> 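Just dropping this structure here.
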Protein chains: 2
Amino acid sequence: MNENNQPAREPDTEKRILEASAKVFARKGKQGARMQDIADEAGINRTLLHYYFRSKDKLFDTVFEMVFARIFPAMTGIMSSELPFPERIELFIEAYTELLRENPFLPVFVFQEIYEDPDRLLKLFMSKGFDPESTLAQLRSEISTAGLGDMDPRHLFANMMGMVLFPFIGRPIFQAIAFQGDKDAYEEFLEERTSHIPQFMKLAFIGAGVQNQK
Amino acid sequence: MNENNQPAREPDTEKRILEASAKVFARKGKQGARMQDIADEAGINRTLLHYYFRSKDKLFDTVFEMVFARIFPAMTGIMSSELPFPERIELFIEAYTELLRENPFLPVFVFQEIYEDPDRLLKLFMSKGFDPESTLAQLRSEISTAGLGDMDPRHLFANMMGMVLFPFIGRPIFQAIAFQGDKDAYEEFLEERTSHIPQFMKLAFIGAGVQNQK
DNA sequence: GTCTATATGGCGATAGAC
DNA sequence: GTCTATCGCCATATAGAC
């Protein structure tokens with residue numbers, strides 16, 4: 001109970017706005033998103049958005065940093081663990097797919113943004129102390145140690161990220177064409193991928209071992 | 001020389017508009033793209049866009065169908081050839097990567113659109129007589145014949161498309177982080193992928209053969 | 001804190017001169 | 001066919017009542 005009779009500030013209004021914004025920005029892009037769309041999604045009045053975040057630009061900035069804060073730890077936490085290389089890959093894929101299953105709007109949101117402002121994401125990475133050079137060097141030595149020859153870690157990374165991301169980015173059309181639009185079947189497919197992708201990569205590693213032996 | 005003194009219509013103005021539109025729509029999305037942006041990119045007056053295509057909607061529709069007309073044959077032409085399965089995969093990847101290297105804006109353009117209107121692309125596929133069910137069934141039998149067990153063709157397709165698409169969709173950030181922004185190095189990387197991806201899949205197939213033998 | 005009403009600017013579209 | 005000038009709409013943003 002407040003001392004005055006003003007209604008108490010809904011404690012989760014701000015959070016609701018951020019979640020709604022993330023969804024709408026992901027669906028429509030930064031420009032395509034209307035403040036009214038976001039207000040509707042959050043179930044609040046449109047001007048409240050301005051009350052909380054002043055402008056559309058500031059709202060977007062806040063959402064983008066929130067989204068990044070979710071993705072970044074999932075990437076680097078596992079990267080820097082002490083586990084052997086193949087197990088780390090497996091964990092990375094599982095964690096990432098799980099993150100995307102819970103936040104399916106993330107990749108579209110990020111990819112829309114990197115075309116709007118490519119430097120922004122890069123700066124965020126750097127500000128977190130991420131060091132591409134040393135990460136690459138470390139991966140290179142680990143790949144070699146794992147008996148995979150001189151496979152470029154950047155190819156491996158592109159393979160892995162592509163396999164993980166595609167079903168999320170292409171979902172609307174892929175689900176419609178290959179699953180007759182069956183949402184539950186697609187969810188199951190996504191679930192399967194947490195084990196399929198590491199398995200597929202392991203098969204490639206086995207194949208590489210066979211090739212390198214001869 | 002015309003009979004009247006009106007200036008002749010630039011023969012490639014329409015084509016220039018379409019190319020410019022594709023680029024701008026890909027960068028900014030349908031909503032984010034301004035008619036002025038497109039006019040600037042094409043080097044013409046803004047109202048000429050309306051003269052040629054009447055409205056932004058109609059212009060977008062035209063561009064989208066043009067883009068689809070480029071992608072579709074590259075997918076289905078190879079799919080329906082008589083070559084053995086692994087060779088078809090290799091050809092598909094090469095053709096697709098080549099298409100994307102020449103038209104790097106395609107995937108972003110398409111992915112932005114499928115979130116705006118998921119049914120549209122599906123309808124285009126259907127109108128071309130594409131039959132998902134029979135394609136899936138055919139792939140399933142071919143995978144089995146190729147000694148790959150009962151690997152779901154949809155997983156295989158998602159793996160393949162993801163590996164091909166990722167470096168194009170993620171280019172701005174991936175080039176910046178993993179290649180220090182070096183454009184030429186990235187082009188070379190894309191070139192390498194036409195051989196790396198088929199090679200990687202072959203390794204997985206070899207690995208699958210090893211697993212199935214035991 | 002939340003609402004209604006309104007100011008301001010930008011964009012798509014068209015009319016009309018040349 | 002191409003340009004300049006302009007109309008009308010819609011979205012962001014703010015002012016101000018409650």
Side-chain angles (χ1 to χ4, degrees), chain A residues 1-64 109 112-113 115-117, chain B residues 1-64 109 112-113 115-117:
Chain A
M1 296 173 195
N2 306 15
E3 190 155 335
N4 56 33
N5 283 334
Q6 294 297 321
R9 175 171 174 149
E10 276 291 333
D12 54 12
T13 297
E14 186 166 327
K15 202 181 153 200
R16 287 235 312 283
I17 291 176
L18 288 172
E19 287 302 321
S21 302
K23 280 185 199 165
V24 176
F25 279 132
R27 276 202 295 271
K28 311 263 184 113
K30 182 180 175 179
Q31 313 277 347
R34 304 288 142 218
M35 294 297 267
Q36 185 62 58
D37 299 336
I38 295 171
D40 291 347
E41 179 78 33
I44 57 158
N45 187 282
R46 188 170 60 81
T47 50
L48 264 187
L49 299 176
H50 289 95
Y51 177 78
Y52 277 86
F53 294 96
R54 227 184 104 84
S55 74
K56 188 181 178 180
D57 269 337
K58 287 215 191 326
L59 174 57
F60 185 85
D61 289 352
T62 310
V63 171
F64 191 78
F109 186 85
Q112 293 216 358
E113 176 56 14
Y115 277 80
E116 197 69 25
D117 182 358
Chain B
M1 297 172 195
N2 306 13
E3 189 154 338
N4 57 33
N5 283 335
Q6 296 297 319
R9 176 173 171 147
E10 277 291 331
D12 54 11
T13 297
E14 185 166 327
K15 202 179 153 198
R16 288 235 311 284
I17 291 176
L18 288 172
E19 287 302 321
S21 303
K23 279 185 202 164
V24 176
F25 280 133
R27 276 202 295 270
K28 311 262 185 118
K30 182 179 175 180
Q31 312 276 347
R34 304 287 145 223
M35 294 297 267
Q36 187 62 61
D37 298 336
I38 296 171
D40 292 346
E41 178 77 33
I44 57 160
N45 186 281
R46 189 170 61 83
T47 51
L48 264 187
L49 299 177
H50 289 97
Y51 176 78
Y52 276 87
F53 294 96
R54 230 185 105 82
S55 73
K56 188 181 178 181
D57 270 338
K58 287 215 191 329
L59 174 57
F60 184 85
D61 289 352
T62 309
V63 172
F64 191 77
F109 185 86
Q112 293 218 358
E113 176 56 14
Y115 277 80
E116 196 70 24
D117 182 359

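Reminder, nothing fancy here: chain letters follow the sequence lines and each chain counts from 1. As the structure is a prediction and not an experimental result, all values here were calculated from the model.
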> Using a cut-off of strictly less than 4.0 Å between a heavy atom of the residue and any atom of DNA chain D, enumerate the qualifying residues of residues 22-48 of chain A by number.
Ala33(A), Arg34(A), Met35(A), Arg46(A), Thr47(A)
> Side chains of Phe53(B) and Leu18(B): closer than 4.5 Å at any heavy-atom pair?
yes
> Using a 3.5 Å cut-off and no angle test, enumerate the donor-acceptor pairs between side-chain atoms of residues 37-44 of chain A and protein atoms at least two apart in sequence or in another chain.
{"residue": "Asp37(A)", "atom": "OD2", "partner": "Arg34(A)", "partner atom": "N", "Å": "3.2"}
{"residue": "Asp40(A)", "atom": "OD1", "partner": "Gln36(A)", "partner atom": "NE2", "Å": "2.8"}
{"residue": "Glu41(A)", "atom": "OE1", "partner": "Arg27(A)", "partner atom": "NH2", "Å": "3.0"}

> Check whether any side-chain N or O of His50(B) sits under 4.0 Å from OP1 or OP2 of dT14(C), and answer yes or no.
no
> Tell me the interatomic distance from Phe60(A), atom CZ, to dA11(D), atom P, rounded to whole angstroms.
19 Å
> In whole Å, what is the span from the CG atom of Leu49(A) to the P atom of dT14(D)?
13 Å
> Expressed as a whole number of angstroms, how long is the span from Glu14(B):CD to dG1(D):P?
10 Å
> To the nearest 0.5 Å, how far apart are CD in Glu14(A) and CG in Leu48(A)?
11.5 Å
> What is the separation between atom CG on Leu59(B) and atom C1' on dA13(C), rounded to the nearest whole Å?
14 Å
> Rounded to the nearest angstrom, tell me the gap between atom CZ in Phe53(A) and atom C1' in dT12(D).
16 Å
> Within the pair Tyr52(A) and dT2(C), is there a side-chain N or O less than 4.0 Å away from OP1 or OP2?
yes
> Can you tell me if Thr47(B) and Asn45(B) form a side-chain donor-acceptor pair at under 3.5 Å?
yes
> How many Å lie between CD1 on Ile17(A) and P on dG1(C), as a whole number?
12 Å
> Is it the case that the ring center of Phe109(B) lies less than 6.0 angstrom away from the ring center of Phe60(B)?
yes
> Round to a whole Å and report the spacing from NZ of Lys56(A) to P of dA11(D).
10 Å
> Does the Lys56(A) side chain pair with the main chain of Lys30(A), one donor and one acceptor, at a distance under 3.5 Å?
yes
